[in-house]
Number of protein chains: 2
Amino acid sequence: MARDEFVAQWGSLGTQWGINRTMAQIHALLMTAPEPMCTDEVMEKLEISRGNAHTNLKDLVGWNLVRIITKKGDRKEYFEAEKDVWKIFITISKERKRREIEPAIHLLRDCADRTKDEAAGPGRAFHQQMKDLDEFLSFGVKVADTVITMKHASALQWAMRLLG
Amino acid sequence: MARDEFVAQWGSLGTQWGINRTMAQIHALLMTAPEPMCTDEVMEKLEISRGNAHTNLKDLVGWNLVRIITKKGDRKEYFEAEKDVWKIFITISKERKRREIEPAIHLLRDCADRTKDEAAGPGRAFHQQMKDLDEFLSFGVKVADTVITMKHASALQWAMRLLG
DNA sequence: CGTTATTTTCAGATTTTAATGAAATTGTGA
DNA sequence: TCACAATTTCATTAAAATCTGAAAATAACG
């Protein structure tokens with residue numbers, strides 16, 4: 001079945017992305033699930049332990065890629081992935097900005113600050129390199145923040161203008 | 001010293017990016033080195049083995065983030081990192097496209113193809129999801145390809161228009 | 001309350017990834 | 001061709017990440 005293939009392969013691709021295999025597989029599974037799934041269904045489908053399923057489901061919720069659904073008269077939690085591609089993109093961009101880019105900017109600023117008095121000598125070039133990297137990433141964040149708040153159609157229109 | 005701090009911390013950040021710590025550290029070291037460095041200098045500075053230094057230096061060369069310099073009358077290889085931020089960005093974008101995005105697109109197309117006859121039933125939504133993801137990533141690649149071939153100034157101008 | 005379904009945690013086991021160091025290979029100059 | 005410097009490989013070891021399974025905690029229901 002194509003869906004099983006997708007789930008398995010998306011998991012492998014995930015590892016190359018620096019995401020753990022199970023988390024990527026669960027994401028793929030939920031993204032292609034017609035209905036929200038509960039922990040036991042995920043466990044069974046992927047043949048993984050409860051602890052593993054639980055941890056990764058909650059991590060996905062932490063990434064805002066998956067939300068918890070409750071059905072009345074049923075005390076289990078069900079999990080549903082965001083399926084809208086633009087929303088997925090926005091979510092991942094926000095999270096990566098927060099987890100990966102902002103800490104880097106802080107480091108760069110700190111290192112630039114610490115060397116700002118070294119007008120001459122080897123520290124000069126280092127200071128400038130830190131500033132250049134900071135400036136670039138900060139500008140990138142600004143662009144990302146703008147795109148993140150755009151509607152899909154507006155972003156598309158903007159990008160289309162670039163493509164000519 | 002600020003540079004040592006930068007090298008160490010860039011290494012830690014690297015792991016969150018899915019890059020191995022040593023590779024990120026070597027990259028940070030070379031990016032802030034006033035002169036190209038040889039394997040022994042890298043080994044000594046980071047206190048790592050020859051094999052480790054060698055492997056990661058060559059991986060960085062494979063990423064096109066570092067190039068090999070030879071000095072006449074000296075048979076050692078020296079390593080120099082690209083320092084221009086825009087060029088680093090272009091290089092990383094190209095490599096990530098090739099290593100991470102394109103394989104994903106192939107998977108999505110394959111899965112879409114295999115289910116294109118399922119006009120009704122549960123396969124319908126799956127097929128559409130694969131197509132949506134493919135379309136989005138493919139469009140992203142087009143945009144990236146355009147940006148990648150731009151001069152820094154042009155890209156800046158384009159982005160500035162977005163920011164208003 | 002007590003019972004039961006469900007979620008959460010976490011110590012230990014397993015798997016994966018990365019690093020070491022020494023041996024093998026390559027290449028240069030005398 | 002030989003000696004030597006440097007690079008490369010790779011079996012082994014070490015470290016980090018991930019997974020399991022069962023126990024503990026939580027919370028819904030009568």
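The figures here come from the full heavy-atom set of this structure, side chains too, leaving out hydrogens, waters and symmetry mates. In what follows, every chain begins at residue 1, and chains take the letters A, B, ... in the order their sequences are listed.
- Classification of A:Asp4 and A:Lys45 as a salt-bridged pair holds, one side-chain N sitting under 4.0 Å from a carboxylate O.
- To the nearest angstrom, P of C:dT20 lies 10 Å from CD of B:Glu47.
- If you take CD of A:Glu77 and P of D:dT26, they are 15 Å apart, rounded to a whole angstrom.
- In this structure a side-chain-to-backbone donor-acceptor pair under 3.5 Å is present from B:Ser93 to B:Phe89.
- Atom pair A:Arg75:CZ and D:dG30:C1' shows a separation of 11 Å (rounding to whole Å applied).
- Nearer the 5' end of DNA chain D, as judged by each residue's closest nucleotide, is the contact made by B:Gly51, out of B:Gly51 and A:Arg21.
- Under 4.0 angstrom from either OP1 or OP2 of C:dA19 there lies at least one side-chain N or O belonging to B:Asn56.
- Within 4.0 Å (heavy atoms only), A:Asp40 reaches no atom of the nucleic acid at all.
- Using a 4.0 Å heavy-atom cutoff across all strands shown, A:Arg50 reaches at least one base atom of the nucleic acid.
- Note: A:Phe6 and B:Phe126 have perpendicular aromatic rings, judged against thresholds of 30 and 60 degrees for the angle between ring planes.
- A straight line from CZ of A:Phe79 to P of C:dT6 spans 13 Å, rounded to a whole angstrom.
- The 12-atom threshold is not exceeded at CD of A:Gln157, counting heavy atoms of other residues, nucleotides or ligands nearer than 6.0 Å.
- Contact between the side-chain N/O atoms of B:Asn52 and the OP1/OP2 oxygens of C:dT20 is found at a separation under 4.0 Å.
- Mapping A:Thr15 and A:Asp74 onto DNA chain C by nearest heavy atom places A:Asp74 closer to the 5' end of the strand.
- Both tests do not hold together for A:Arg96 against A:Trp63: distance to the six-membered ring centre under 6.0 Å, angle to the ring axis within 45°.
- One interatomic measurement links the two molecules: CG of A:Leu46 to C1' of D:dT18, which rounds to 15 Å at whole-angstrom precision.
- Computed from coordinates, the A:Met43 CE to C:dT6 P distance equals 12 Å when rounded to whole Å.
- Using a 4.0 Å heavy-atom distance criterion, A:Thr22 is classed as a sugar-phosphate-only contact.
- Counting any heavy atom pair closer than 4.0 Å across all strands shown, B:Asp59 reaches no nucleic acid atom.
- At the heavy-atom level, A:Asn20 lies under 4.0 Å from the strands shown only through sugar-phosphate atoms.
- D:dT7 atom C1' lies 14 Å from atom OH of B:Tyr78, rounded to whole Å.
- With rounding to whole Å, A:Ile69 atom CD1 is found 14 Å from C:dT7 atom P.
- Distances shorter than 4.0 Å separate none of the side-chain N or O atoms of A:Lys76 from OP1 or OP2 on C:dT7.
- Both B:Ile48 and A:His54 lie close to DNA chain C; mapped to their nearest nucleotides by heavy-atom distance, the more 5′-ward contact belongs to A:His54.
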